[in-house]
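Reading through the structure tokens given below for one structure.
The structure displayed is predicted, hence computed values, not measured ones.
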Amino acid sequence: MIDDFLYGTAGDTGPLAEVEAAVRAAAAAEIVPRHRKLAAHEIIEKSGPHDLVTAADRLAEEHLTAALTKLLPGSVVVGEESVHADPAVYDALGGDAPVWIVDPVDGTRQFVRGEAGFCTLVALAQHGEVHASWTYAPILGEMAVAVRGRGATLNGTPIRAGAPAPGAVLNVAMSHPDYTTDAQKRALLGLRTDGIAARPCGSAGLEYLAVARGELDATAFNWEYAWDHAAGLLLVTEAGGAQSTLAGVPFRIAGGNDLPFTAARDEATAQRILTALRAGG
């Protein structure tokens, strides 16, 4: 069903462009007009001061839900805000229907601060496998698209993650140790070692894009919400990168992963990060 939608019977990639247009339209209608113009009542804390939702998040997800399910009848949406309202929505990741995985504003804290480092993430999956993804940073003017088995592009130009120079210090974006279990904190602290320069991550989607374009060597994350990772993991993989959980198996979008996990420019770098995480744990 998804292959027919993405390519048609003659390799038509028109639907890919239609999804891209829908992502751009949602951002133009609901996100960009509110950038640096949010009123106080449009910003709400969910679980705490580091977990925010804005009117832009809610309205952009509603916009995308209507547009994407219209493009692919029979599909469903698992979005950050819909799951916050009803956690049972997340179960669709394990169902039979095609699933649009949506993070309307990834990097909400950056968005609230008026910074440019946020993006909209959309991935199309079925039976636990991600088939296509869109990462759109409207203020930065960047649209990255990945299609399973067909590569990754940034603004229409193919991108490759490449590999770090031999002996180079690895630059890694990681989860903040304060927001982890004790075991995950110990694992992440394993990155505080010679040969690795680790820093707290910003927008997960933009960190994945940085890996896919060879500007960041790896990520190390300890949370597994599909809307934060599905799009970026496919993007890194299709750009020639590698990814693995602490158990040495690929990340599962439906959950139940052994955390932390990494996405890296190449397999050797992924293994170096996993080694450091295991040493820390």
Side-chain angles (χ1 to χ4, degrees), residues 1-7 15-16 19 22-23 26 46-47 51 53 57-58 60-106 120-135 145-150 175 179-181 183-184 204-205 208 219-238 241-263:
M1 182 178 183
I2 287 182
D3 285 346
D4 290 342
F5 169 72
L6 290 175
Y7 313 116
L16 290 170
V19 176
V23 174
K46 291 193 285 188
S47 63
D51 186 14
V53 62
D57 296 77
R58 291 186 295 101
E61 186 168 315
E62 291 173 6
H63 187 129
L64 284 165
T65 296
L68 296 173
T69 54
K70 183 177 180 180
L71 285 174
L72 181 55
S75 62
V76 297
V77 172
V78 171
E80 180 172 9
E81 306 316 322
S82 64
V83 172
H84 178 70
D86 179 7
V89 169
Y90 207 78
D91 295 341
L93 291 172
D96 291 328
V99 182
W100 298 100
I101 304 169
V102 174
D103 190 342
V105 181
D106 179 68
T120 297
L121 300 173
V122 172
L124 179 58
Q126 190 172 28
H127 299 141
E129 186 168 67
V130 182
H131 291 261
S133 75
W134 295 259
T135 299
V145 180
V147 181
R148 183 174 174 267
R150 295 176 180 248
S175 302
Y179 310 124
T180 65
T181 66
Q184 292 167 359
Y208 282 122
T219 61
F221 293 140
N222 75 310
W223 78 96
E224 59 181 353
Y225 294 125
W227 48 77
D228 285 320
H229 305 300
L233 286 171
L234 182 67
L235 184 65
V236 169
T237 300
E238 289 300 321
Q243 56 106 339
S244 176
T245 66
L246 204 60
V249 298
F251 181 91
R252 296 184 297 269
I253 61 170
N257 294 286
D258 190 0
L259 303 171
F261 70 99
T262 187

According to side-chain hydrogen bond (donor to acceptor under 3.5 Å, both in side chains), who are the partners of D103, at least two apart in sequence or on a separate chain?
none
Minimal heavy-atom distance between A226 and L93, with the atoms involved, is CB-CD1, 3.8 Å
Within a strict 4.5 Å, meaning less than it, do heavy atoms of the L72 and L124 side chains meet?
yes
Quick note, side chain to side chain donor-acceptor pair (under 3.5 Å) partners involving residues 62-71, not counting sequence neighbours, are none
Once side-chain hydrogen bond (donor to acceptor under 3.5 Å, both in side chains) is applied, do any residues pair with W134, and if so which ones, sequence neighbours excluded?
none
Can you tell me how the ring of F5 sits relative to the ring of W100, calling it parallel under 30°, perpendicular over 60° and tilted otherwise?
perpendicular
Across all chains, not counting sequence neighbours, the side chain to side chain contact (heavy atoms under 4.5 Å, CB included) partners of A242 are E267, A270
Taking the side chain as everything from C-beta on, heavy atoms only, tell me whether T120 gets closer than 4.5 Å to L64.
yes
What pair of heavy atoms forms the shortest contact from A230 to A123, and how long is it?
CB-CB, 3.9 Å
Minimum heavy-atom separation for V78 to A92, with atom names?
CG2-CB, 3.9 Å
Of all residues at least two apart in sequence or in a different chain, which pass the side-chain hydrogen bond (donor to acceptor under 3.5 Å, both in side chains) check with D86?
none
If you look at every heavy atom in I253 and G128, which pair is closest and at what distance?
CG1-O, 3.7 Å
Main chain of L121, side chain of D106: is a donor-acceptor contact present, judged purely on distance under 3.5 Å?
no
Below 30° counts as parallel, above 60° as perpendicular, anything between as tilted: where do the rings of F261 and F251 land?
tilted
Looking only at heavy atoms, the pair that brings L71 and A22 closest together is CD1-CB, 4.5 Å
Between S75 and L68, which heavy-atom pair has the shortest distance, and what is it?
OG-O, 4.0 Å
With side chains defined as the heavy atoms from C-beta onward, is the minimum distance between L6 and H131 less than 4.5 Å?
yes
Report the relative orientation of the aromatic rings in W223 and H229; use parallel for angles under 30°, tilted for 30 to 60°, perpendicular for over 60°.
tilted
For Y90, which residues count as a ring-ring contact (aromatic ring centres under 6.0 Å, His included) partner, sequence neighbours excluded?
W227
Pairs involving residues 120-133, ordered by first then second residue, that meet salt bridge (charged side-chain N to carboxylate O under 4.0 Å, His left out) (sequence neighbours left out):
E129-R148
Hey, could you give me the CD/CZ distance between Q243 and F221, rounded to the nearest 0.5 Å?
12.5 Å
Does E224 use its side chain to pair, donor to acceptor, with the backbone of N257 at less than 3.5 Å?
yes
CG of D228 to CG of L233, rounded to nearest 0.5 Å, is 10.5 Å
Close side-chain approach of D96 and H127, heavy atoms under 4.5 Å
yes
Contacts of S82 that satisfy side-chain hydrogen bond (donor to acceptor under 3.5 Å, both in side chains) - sequence neighbours left out
E61
Give a yes or no on whether the backbone of E81 and the side-chain of D57 come within a donor-acceptor separation of less than 3.5 Å.
no
With A146 via side chain to side chain contact (heavy atoms under 4.5 Å, CB included) - residues at least two apart:
S133, A152, L234, L235, E238
Only counting residues at least two apart or in another chain, list the ones meeting side chain to side chain contact (heavy atoms under 4.5 Å, CB included) with A66.
none
